[in-house]
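Notes follow once the structure below has been shown.
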Amino acid sequence: MAEAHSAVAFSFSITHEGWDVNFDREVLNLVWLSGVRSWKKRFFRFMNNLKSGVYPASLGSLWLTVIIVTAIHFAGYKVPYDLVGKVAPYISGSSILAHIAGSFVISVLLWLIVIYILRYILKLLLIYKGWMYELRGKNKKPSRMTQIWLILVKLLSGWHKPMLYSFQGSLPRLPLPSVEDTMRRYLRSVKPLLDDDNYTRMERLAKEFQNGIGVKLQRYLILKSWWSTNYVSDWWEEYVYLRGRSPLVINSNFYGIDAILMHPTTNQAARAASTIHFCLQYRRLIERQQLEPILLQGIIPLCSWQYERLFNTTRIPGIETDKIIHYQDSKHIVVYHKGKYFKVLIYYKNRILLPCEIELQIQQILMDKSEPAESEDKLAALTAGERKPWAEARNEYFSKGVNKISLDIIEKAAFFVTLDDIPYEYDTEHPEKLDNYGQILLHGKGYDRWFDKSFTLCIGSNGRIGFNAEHSWADAPVMGSLWEYVIASTLEIGYKPDGTNAGTPEFIPPIPTRLQWDLSSKCIESINHSNEIVQKLINDIELRIYVHDNYGKGFMKASSMSPDAYIQMALQLAYYRDAGKFNLTYEASMTRLFREGRTETVRPCTIESAAWVKSMEDKNATLDEKFKLLQAAGQQHQKNCQDAMCGKGIDRHLFCLYVVSKYLEVDSPFLKEVLSEPWRLSTSQTPHGQTSKLDLKKFPNCISAGGGFGPVADDGYGVSYIIAGEDVIFFHISSKRSSLVTDAARFARQIEKAFADMKTLLLERKKAQQHKNGST
């Protein structure tokens with residue numbers, strides 16, 4: 001019994017002298033410190049929210065206002081309308097104290113009025129989006145109006161350093177386009193995809209919708225746009241993500257790869273520990289709102305709302321719809337290794353464990369020789385498979401006992417960590433190794449990531465890292481920001497010659513706790529069923545990571561083209577050559593210039609892009625014709641991107657109209673057809689340079705290879721790309737092996753050829769122009 005008594009905080013016994021109570025002071029001290037830490041976090045969270053809530057003013061300005069108002073009042077001057085004098089008689093106490101209290105009350109009132117006036121003026125200023133449409137260049141300047149606007153925004157927002165959520169109250173609402181504008185943009189976007197008869201039919205459907213049920217549906221959206229913070233985001237999260245019943249793996253979750261040009265250590269435990277430490281540091285920056293908000297042009301703020309759920313967040317399965325649960329705090333992470341789950345404490349005396357301390361914990365996990373329980377190793381296949389069976393299994397087998405306790409530990413963890421038993425490899429001589437690297441992160445074995453967690457940190461046996469992220473809680477740029485921070489922070493930490501983390505542990509950290517499971521035969525059947533579905537998905541996916549290093553954004557900019565527009569035109573040319581026709585193309589664009597903004601769709605397949613692609617395949621087209629068509633296509637694409645970012649997109653508006661129609665149980669042939677159109681080419685650009693912490697010019701090896709996702713359509717491609725530096729672009733191309741019309745490796749070759757042909761076109765045109773100018 002001695003071991004049992006030492007395992008509890010206190011014990012008691014009854015003697016002839018009465019009660020005999022023994023307390024374990026060390027355990028009670030830990031309980032006390034835990035409570036102190038929780039209350040400190042609540043206090044600082046309250047203070048940070050207060051500071052953000054009064055931005056662009058500061059709390060110091062309140063005391064300055066109190067001093068000025070009090071001084072003016074006692075100097076005998078009448079504060080406007082003698083407000084202090086009118087308030088003082090209603091305050092009990094001596095005359096002097098009443099006047100001081102009255103001065104304080106009026107000061108706070110005036111201060112709040114001024115703050116809200118300033119914030120409203122800033123919000124009105126941020127509604128203006130004309131700056132985005134003005135061309136930038138060496139010899140071009142913004143208009144006079146935009147220059148004045150920039151100065152005003154800078155004056156109102158530049159008083160002191162903003163916190164992460166400082167601009168949230170000043171961001172405007174996402175504007176609601178008119179049905180007429182959306183119909184016009186939509187018809188223009190489908191013109192290159194339809195023959196004359198089908199286009200005429202679609203024109204008729206659009207006109208009937210615009211003049212008919214669209215009027216009623218729009219009224220409800222107008223009401224929602226005024227009542228809610230963002231008329232799209234909540235419905236988008238619920239109906240696109242949470243109500244989806246298909247497996248998360250490949251279909252929804254996405255992945256990110258390490259900076260492949262740097263390999264600071266081959267020690268798995270050391271790299272895992274330092275990366276975990278950096279993630280926790282980033283979490284602390286979010287909690288304290290010390291993370292710098294992203295400012296376009298160094299002035300215009302983007303919404304920071306999505307950062308709130310980066311950590312301590314889990315997607316909980318439901319029978320009809322899932323839900324996202326976010327916990328305010330978490331003191332542990334969960335680590336998976338060789339089929340076993342471990343709870344790892346990450347704090348000691350109110351501080352984050354040092355990398356060298358976490359390394360000891362990770363090493364203990366790696367050295368654990370115990371065997372997993374039956375089907376414990378494949379338990380996470382439930383999170384990867386179809387949502388309804390997982391919800392049923394969760395309710396049936398994980399709602400009580402040891403299973404509930406262990407599941408609760410996983411779901412309340414700050415994030416999930418997987419220590420893989422295989423290396424993540426990159427070799428320029430063997431490109432298939434990078435393909436395998438991406439596949440490991442996209443799906444792993446199908447049961448070695450907890451796909452419900454906001455993200456799973458993956459560590460290869462050779463010390464390289466990556467992540468797999470759930471998509472419903474936020475979009476890829478938020479994970480990209482964390483990833484940049486992790487990569488940049490790696491440069492700041494030293495490793496010993498043997499590859500372990502530098503530094504000396506200040507104490508022996510708590511031993512990781514093995515999670516226990518009691519899996520019944522029926523539960524095991526559910527696990528195996530989900531695993532069978534997941535394995536079919538994994539076996540069907542093909543991933544090719546193409547590294548284009550012949551040239552990059554430097555050449556594109558020198559050719560007076562937006563790099564994104566250039567790449568999208570290359571993808572259109574590649575797809576046309578691959579498929580022999582044009583198809584609906586999706587490109588994700590952010591709407592974070594507005595409060596709680598997420599994404600909007602850019603449709604890169606346009607009338608202009610189709611005309612240029614056809615000219616490239618036309619032997620009779622001249623050099624000048626091809627060049628002018630390419631310029632027109634690039635300009636139109638850039639305008640479409642600007643429209644999408646400014647709330648003038650097509651697809652989110654149509655999506656919300658469709659949701660309203662379903663609520664009203666109204667059938668719309670137009671919306672039904674539009675929302676059923678497959679995105680056979682789904683593309684996305686991974687952003688780079690979101691944090692000033694990462695200086696790519698100083699540390700070029702910190703360039704990440706980006707990440708990717710699975711194809712949206714069974715007979716389509718998923719293409720994610722990242723512009724890495726001046727001369728390198730990574731393309732992550734996915735397709736399904738079961739499709740007879742797609743091939744990821746073949747499409748990569750088409751992209752390579754398209755880039756080569758575009759460069760030849762631009763160089764030959766430049767050479768022709770030089771020859772022409774030289775001869776005149």
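At least one donor-acceptor pair closer than 3.5 Å links the side chain of Arg464 to the backbone N or O of Ile260. At distances below 3.5 Å, at least one donor-acceptor pair connects side-chain atoms of Arg387 with backbone N or O atoms of Thr383. Under the 3.5 Å distance criterion, the side-chain polar atoms of Asn253 are matched with a main-chain donor or acceptor of Phe451. Distance alone, capped at 3.5 Å, places no donor-acceptor pair between the His332 side chain and the Ala414 backbone. One N or O on the side chain of Ser704 and one on the backbone of Gly706 form a donor-acceptor pair closer than 3.5 Å. In this structure, Arg309 contributes its side chain and Trp473 its backbone to a donor-acceptor pair below 3.5 Å. His732 places no side-chain N or O within donor-acceptor distance of the main-chain N or O of Gly718, the cut-off being under 3.5 Å. Within the 3.5 Å criterion, the main-chain N or O of Lys323 finds no donor-acceptor partner in the side chain of Glu238. In this structure, Thr683 contributes its side chain and Tyr586 its backbone to a donor-acceptor pair below 3.5 Å. No side-chain donor-acceptor contact under 3.5 Å links Gln685 to the backbone of Pro687.
Heavy-atom minimum distance, Asp448 versus Thr418: O-OG1, 2.6 Å. The minimum heavy-atom distance linking Asn230 with Lys224 is given by the pair O-NZ, 3.7 Å. Between Leu593 and Pro301, the shortest heavy-atom contact is CD2-O, 4.1 Å. Listed here is the closest heavy atom pair of Glu600 and Gly649: OE2-CA, 3.5 Å. Taking both residues in full, the closest heavy atoms of Arg245 and Leu242 are given as NH2-O, 2.9 Å, listed atom of the first, atom of the second, then distance. Considering all non-hydrogen atoms of both residues, Arg598 and Ser233 come closest at CG-OG, 3.9 Å.
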Dump the intermediate steps for ring-ring contact (aromatic ring centres under 6.0 Å, His included) on Phe709 and His471, then the final yes or no.
CA-CA 10 Å; Phe709 50 86; His471 209 330; 8.4 Å; no

For Asp258 and Tyr437: C-alpha separation, side-chain torsions, deciding distance, then whether side-chain contact (heavy atoms from CB on, under 4.5 Å) applies.
CA-CA 10 Å; Asp258 197 1; Tyr437 191 165; 3.2 Å; yes

CA sep, side-chain torsions, deciding dist, call: Tyr336, Tyr341, ring-ring contact (aromatic ring centres under 6.0 Å, His included)
CA-CA 5 Å; Tyr336 176 94; Tyr341 296 82; 5.0 Å; yes

Would you sort out whether Arg652 and Thr599 count as a side-chain hydrogen bond (donor to acceptor under 3.5 Å, both in side chains), showing the intermediate values?
CA-CA 8 Å; Arg652 298 301 177 269; Thr599 61; 2.9 Å; yes

Check the pair Ser589 / Thr601 against side-chain contact (heavy atoms from CB on, under 4.5 Å), numbers first and verdict last.
CA-CA 6 Å; Ser589 175; Thr601 305; over 6 Å; no

Report the C-alpha separation of Asp475 and Arg592 in whole Å, then their side-chain angles, then the decisive distance to 0.1 Å, and conclude whether the salt bridge (charged side-chain N to carboxylate O under 4.0 Å, His left out) test is met.
CA-CA 11 Å; Asp475 300 308; Arg592 289 170 60 194; over 6 Å; no

Run the ring-ring contact (aromatic ring centres under 6.0 Å, His included) check on Trp235 and Phe655 step by step: do they pass?
CA-CA 9 Å; Trp235 284 353; Phe655 162 76; 7.5 Å; no

Evaluate the criterion side-chain contact (heavy atoms from CB on, under 4.5 Å) for residue pair Arg119 and Val114; output intermediate values, then yes/no.
CA-CA 9 Å; Arg119 288 179 63 177; Val114 172; over 6 Å; no

Given Ile115 and Ile117, is the side-chain contact (heavy atoms from CB on, under 4.5 Å) satisfied, shown in steps?
CA-CA 5 Å; Ile115 284 174; Ile117 289 174; over 6 Å; no

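Val534 has its side chain out of reach of His443: every pair of non-hydrogen atoms, C-beta onward, lies at least 4.5 Å apart. In this structure, the side chains of Leu457 and Ile276 come closer than 4.5 Å at one or more pairs of heavy atoms. Counting heavy atoms from C-beta on, the side chains of Pro175 and Phe594 come closer than 4.5 Å. For the pair Tyr721 and Phe730, the minimum side-chain heavy-atom distance is 4.5 Å or more. At a threshold of 4.5 Å between non-hydrogen side-chain atoms, the residues Phe254 and Met479 count as touching. Residues Leu118 and Leu156 have side chains in contact (heavy-atom distance under 4.5 Å, counting atoms from C-beta outward). Contact check for Ile459 versus Asp420: no side-chain heavy atoms found under the 4.5 Å cut-off. Side-chain contact between Leu441 and Asn468 is absent, with no heavy-atom pair separated by less than 4.5 Å.
Atom OG of Ser472 and atom CD1 of Ile324 lie 3.5 Å apart (nearest 0.5 Å). Thr513 OG1 to Ile409 CD1: the interatomic distance, rounded to the nearest 0.5 Å, is 7.5 Å. In this structure, Ile358 CD1 and His277 NE2 are separated by 6.5 Å, a value rounded to the nearest 0.5 Å. Remark: Leu407 CG to Ser399 OG distance equals 10.0 Å, nearest 0.5 Å. Here CG of Leu302 is found 4.5 Å from CG of Leu296. Values are rounded to the nearest 0.5 Å. To the nearest 0.5 Å, atoms CG (Leu176) and OG1 (Thr182) are separated by 7.5 Å.
The aromatic rings of Phe416 and Trp450 sit tilted relative to each other, their planes meeting at an angle between 30° and 60°. Ring planes of Tyr282 and Tyr307: tilted class, angle from 30 to 60°.
Heavy-atom contacts from other residues, nucleotides or ligands closer than 6.0 Å to OH of Tyr120 number 12 or fewer. For Tyr241, the OH atom sits in a packed shell: over 12 heavy atoms of surrounding residues, nucleotides or ligands are nearer than 6.0 Å.
With no hydrogens or angles considered, no side-chain donor-acceptor pair links Gln168 and Ser166 at under 3.5 Å.
A salt bridge is defined here as a Lys NZ or Arg NE, NH1 or NH2 lying under 4.0 Å from an Asp or Glu carboxylate O, and Asp329 with Lys412 fails to meet this definition.
When each of Arg394, Arg315, Lys404, Lys453 is tested with Glu411 by the rule salt bridge (charged side-chain N to carboxylate O under 4.0 Å, His left out), just one qualifies, namely Arg394.
Ring to ring, Phe311 and Tyr327 are not that close: their centroids are 6.0 angstrom or more apart.
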